A.B. asks: 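Pasting a structure here, questions to come.
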Amino acid sequence: MRGKELRRSLSVLPIGTVMKLTSLTARQIRYYESQKLIFPQRSDGNRRLYSLADVDRLLEIKDYLDDGLNMAGIREVYDQKQRESEQRKNQDHQLTDDDVRKILHDEFLQAGGLKTPSAQQPQAPLQKPL
DNA sequence: CTTCTAACA
DNA sequence: TGTTAGTA
């Protein structure tokens with residue numbers, strides 16, 4: 001269900017290939033990395049290895065540059081998106097007061113033997129959908 | 001031959 | 001950003 005995302009994240013492209021795919025110079029690609037806009041992996045003898053996701057990101061960076069943004073500005077955009085996705089992760093694992101109330105209530109019924117664990121229909125989900 | 005880091009007539 | 005030097 002996500003084999004494609006996995007392959008998009010596989011870092012196997014040398015900088016030379018990325019140059020052709022993005023029309024950027026090696027200098028620029030390395031510079032953007034120094035500005036923390038991309039994080040290619042390293043391998044072999046300290047050589048940079050890029051993923052297709054990295055290539056897309058570089059293409060995206062080029063667009064932002066055309067829109068007049070500087071390195072710091074682009075980084076803020078990505079930092080912002082990263083913070084938003086982190087909040088979503090926490091949100092999924094945070095139970096609302098109502099959820100806690102329901103869980104406690106269900107456990108109480110089970111402990112009292114007034115209800116069979118098999119006939120559990122209105123069980124509170126452990127986590128909410130996105 | 002390709003890539004890397006560091007540096008600048 | 002370009003470019004070059006000296007490596008790995």
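Predicted model only: the values in this text are computed from it and were never measured.
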A.B. asks: Taking 4.0 angstrom as the limit, do D98(A) and R101(A) come out as a salt bridge?
C.D. replies: yes
A.B. asks: Roughly how many Å is it from CZ in R27(A) to P in dT3(C), rounded to a whole number?
C.D. replies: 11 Å
A.B. asks: Enumerate, in order of first residue number, the stems that involve DNA chain C, defined as 3 or more consecutive Watson-Crick or G-U wobble pairs with both distances under 3.5 Å.
C.D. replies: B:4-8 with C:2-6
A.B. asks: Looking only at side-chain N and O atoms, does T25(A) come under 4.0 Å of OP1 or OP2 in dT1(C)?
C.D. replies: no
A.B. asks: Kindly indicate whether the side chain of R48(A) and the base of dT3(B) share any N or O donor-acceptor pair separated by less than 3.5 Å?
C.D. replies: no
A.B. asks: Hey, is the main chain of L37(A) close enough, under 3.5 Å, to the side chain of R57(A) for a donor-acceptor pair?
C.D. replies: yes
A.B. asks: Check the distance between dT3(B)'s P and K20(A)'s NZ and give it to me in whole angstrom.
C.D. replies: 8 Å
A.B. asks: To the nearest 0.5 angstrom, please state how far the OH atom of Y64(A) sits from the CG atom of N70(A).
C.D. replies: 13.5 Å
A.B. asks: Does any donor atom in the side chain of T25(A) or Q28(A) lie under 3.5 Å from an acceptor atom in the other side chain?
C.D. replies: yes
A.B. asks: Side chains of Q80(A) and E76(A): do they bring a donor and an acceptor to under 3.5 Å?
C.D. replies: no
A.B. asks: Please report, rounded to the nearest Å, how far the C1' atom of dT1(C) is from the CG atom of L65(A).
C.D. replies: 12 Å
A.B. asks: If you take any heavy atom closer than 4.0 Å to DNA chain C, which residues from residues 29-47 of chain A end up in contact?
C.D. replies: Y32(A), R47(A)
A.B. asks: Does F39(A) belong to the same Ile/Leu/Val/Met/Phe/Trp/Tyr cluster as L58(A), with side-chain heavy atoms less than 4.5 Å apart forming each link?
C.D. replies: no
A.B. asks: Can you establish whether the number of heavy atoms outside D97(A) located under 6.0 Å from its atom CG is more than 12?
C.D. replies: no
A.B. asks: Could you tell me how far apart N70(A) (CG) and dT1(C) (C1') are, to the nearest whole angstrom?
C.D. replies: 15 Å
A.B. asks: Side chains of L13(A) and S51(A): does their closest heavy-atom pair fall under 4.5 Å?
C.D. replies: no
